[in-house]
Amino acid sequence: MAPIAVDRAQAGLGVADRLRDVIRKDRIMTDPVMTYAYSGDASSYRLVPAVVVIVNTEDEVRAVIEAARAERLPLTFRAAGTSLSGQAITEGVLAVLGDGWKKLQIDDSGARVTLGPAVIVANANKALKPFNAKLGPDPASQATCKIGGVVNNNSSGMCCGVAYNTYHTMQRLRVMLVDGTVLDSGDPASVAAFRTSHARLLEGLHQLHHQVTADSQLVELIRKKYRIKNTVGYSINALVDFHDPVDILIHLIVGSEGTLGFVSEVTYNTIPEHPHKVTGLIPFPDPYSCARAISKLANGGIQTTTGVTAAEYIERRALQTVEHLPAIQPYVRFFTETSPVILIDISAPDEATLRAETDKAVAILHSEGATHIDFSPDEAKSHALWDVRKGFFASGGAARPKGTSMLTEDVAAPIDRLADFVIDMRKLLDDFGYEDAIIFGHALAGNLHFQMSDNFMEPGAADKFDRFSKALSEFVSVRYGGSLKAEHGTGRAIAPFVEAEWGTKAYLVMHEVKRLFDPEGLLNPGVLLNPDPDIHIKNLKLMPLADEIVDLCIECGFCEPACPSHHMTLSPRQRIVVTRERARLRRTGEDPERLKALDDGFQYAGLDTCAACNLCSLRCPVGIETGSMVIGERGRRRTEGDHRAASWVAGHTGAVEAGMKLGVGVQQLSRRIVGDGLTDVLAGAMHRLAPKAVPRVSPALRVGPGAPKAGPAAAEAPNGPVVYFPSCATRMFGAQTDENGLLPATEAMLVLLRRAGFNPVVPERLEGQCCGQPFLSKGFPEEAEQVGAATRSELDRLSEQGRHPVVTDASTCAKHMREHPGAATVLDSAEFLVNEVLPRLTVTAPLPAVAVHHNCSAQRLREQAAIEALAAAIASKAVVLDAITCCGYAGDKGLYVPELNAHATRFARAQIPPDCTIGLSTVSTCATGLSERMGIPFVSIASLLEKVSRP
């Protein structure tokens, strides 16, 4: 174990001071909010780091290693923080992967792919899909987890088995050791230099190889343990499988959980992703018949990419937690009180092979009494079923009682003993009082996951978990000869049980591996190997109730890739983590000074920089809306003075709209008179002096077209009236239309409606009319209702109580008005244009290319297909900017917190090809932010569609 500084807080400040000339200040965090935000991963453990550093280069990693060593703090590396065994947390230095590790290079027509450790697994597979290839490892968390974690945990997944994990499909590895030396196993010069500089390390591995291979019993044990999934301890099969110490070294790194070095790049040999596939959810009358079928489907334990590539066992109690989901409901009538199911994928390179493999599987399933067999090639249906399976970690966790921690383990047993293993596992859980536990897993590999809950704030809970863990170790490792950790990594959860699983000889070999690589114990000490027999029941997470909206959160981190402020300030998971700790401190009263620091720091990190877009809810398997929690917190922090001001604004929205347009107009006039430079200097100085009172200005910010006049009714309008409500954002903020030969959005909408044979009806006295969304997002729900009710009433009147369609031109407003409906259902312009207008138009002059941004409300309205259909009609090529989730402009946050918009869009500009000179968005404020950040103007869909369909 590494020596730990006596005063961790002071040592953390020391690390920060040593790094200040190497790493930008905003990527080094020692304050209470940010350190606590990184105190947990997806496991049931919590440790608060002394300092958090976001690293982007090997030089920065090397500097962090030196600083941690100098300050006597242990060092842990973290990718996505989806680790389930407590291996991505520390009380020392936490080095978090930043933007600099996203290399993705495909070679040999998809046969190989080189990846940086911060690449999300699903993104790598998306890039490989055109080549009909994919990564071997396919963890259920692949939409969130990153390559660095996959390598360091030797993660596998549903189709991976043993044959296709990182250990077996890695072609090359680039790794930095604890002395700062980098070895690139694919670079002959690097390997040659390393053989000279690290001859002693390589000789030690060479001797260890001979020591192990000379012991036939140990060799047989190693081979037996790795016939099934196994991530307990180090990958000492490397000492048997390879002779060259360089090969041994890089394969020992796989699954080492950051305890031996830092992985900065990996090249994988990919596996086929066959284009032909069917999926079925197959119920059975009981676990025994189900397990027998799985054993027959398992192909004798030989992994293949053709035929049955995945068979997920889901027990009856697990099914009960998801029966309400649309994907599962059609199958409920086939479930009995005891029936498990298998979720099966069958894949093949061609239709004939697929039919043959499906027939073989159906015959096996029939022979074992499956009660319903229905394989479907429907991709949407398949995705829906697999989303349920991938979401079990969170959805099962959400079914636990509020205030409890979610506990999970993953174990494996020989496939021929699967039926008894399942039954005995259920009994073990019930015997220890974990009747709420659910069991599911990768059945082809004999790998079962189970989840249960407990409240570690109650006396005796930790002791109960300790007794269960010891019984589980005996049950899996000894009685069944299985793996106590099949794919989640050893971590703190299983470190005390490694010797029981492997025996003393193998355990001492593992200690020698650690000594050879990291003799001072600097890297992630206590993870994987730990002398403390009770470490698995120490530093357990407490989950105090904090907010009804988020109390079900298990801190899995699935939400984080969707969040525009992730790695700038806080992610949704981290906002919840800090909120829980603040609630706990308020309840206990134990540390008022720390509570104040957390409350104060949460204002900017938690509230001001949250876009409240709620895209996190789309990633969350149980739909938790962290943005709604933030809006509620904003409301609770509002003073009486704030409410008086908001009430005045609600009563004078017309004046506010006029004032906003005047302000934007003044900055435009200033740019014409004194130029952009002086305008930005003056306005920027004023904004810095009063950032919450004076908005920032931007060259992309234009005066909006104001309220349009519908004019007289069309002489011929065969399709009848349409009520068009131009949103206040569209009226106030314009786009770069004049210089691009476009009509403003409001005029374009009117022209399009008439062109398609509709008679547009526009509310009179539009100035000041608002749906209420701007008030709600700022924490003023009463004022939002006051303003929104008046607008709803007017739209109901004009639509004759919903007899005629009502259309608005901002996705944000459409979504808000659907959630706060009147008699008339409000349609967003995208869905109305694609369904009712586009079929009645003739596109006469399509553009070469258009960039497409799906704003957050459009995503929540599921409008992506409609928007992309319009883009396909507007241009020959539509470029969807999937590097942006929410753009972070968030109404007026682009004016007051512009750094959020800059951070959220930082990758997207690189996606725009040279021939693409214009983009589209469904919200004018988003278009403003995108125009500034992307280097091309973004405009309304209506403006572009009107131009390309002119007669």
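Every heavy atom of this structure was used, including side-chain atoms; hydrogens, water molecules and symmetry mates were not. Here the structure is a predicted model, which is why all the values come from computation and not from measurement.
Screening residues 266-281 for salt bridge (charged side-chain N to carboxylate O under 4.0 Å, His left out), with sequence neighbours left out, gives K134-E273, K277-D345. Within the structure, side-chain hydrogen bond (donor to acceptor under 3.5 Å, both in side chains) pairs that include any residue of residues 143-154 comprise Q87-N153 (at least two apart or interchain). Listed by first and then second residue, the ring-ring contact (aromatic ring centres under 6.0 Å, His included) pairs that reach into residues 334-381 are F334-H372, sequence neighbours excluded. A side-chain hydrogen bond (donor to acceptor under 3.5 Å, both in side chains) check over residues 412-423, counting only residues at least two apart or in different chains, returns the pairs Y288-D420. Sequence neighbours left out, the pairs with a member in residues 255-265 that pass salt bridge (charged side-chain N to carboxylate O under 4.0 Å, His left out) are K103-E265, R172-E265.
Under the rule for a salt bridge (charged side-chain N to carboxylate O under 4.0 Å, His left out), E351 has no partner lying at least two apart in sequence or in another chain. Residues passing the salt bridge (charged side-chain N to carboxylate O under 4.0 Å, His left out) test with E337: none are found, sequence neighbours excluded. For F440, the ring pair (Phe, Tyr, Trp, His ring centres under 6.0 Å) partners are F392, H449, not counting sequence neighbours. Considering only residues two or more places apart in sequence or on other chains, A437 meets the side-chain contact (heavy atoms from CB on, under 4.5 Å) condition with R426, L429, Y434, M452. Residues passing the side-chain hydrogen bond (donor to acceptor under 3.5 Å, both in side chains) test with K224: none are found, sequence neighbours excluded. Residues passing the side-chain hydrogen bond (donor to acceptor under 3.5 Å, both in side chains) test with Y167 are D241, sequence neighbours excluded. Qualifying salt bridge (charged side-chain N to carboxylate O under 4.0 Å, His left out) partners for D286, counting only residues two or more places apart in sequence or in other chains: none.
At a cut-off of 3.5 Å, with distance as the only test, a side-chain donor of T166 or Y268 sits close to an acceptor on the other residue. Remark: the S376 side chain and the K381 side chain contain no N/O donor-acceptor pair separated by less than 3.5 Å.
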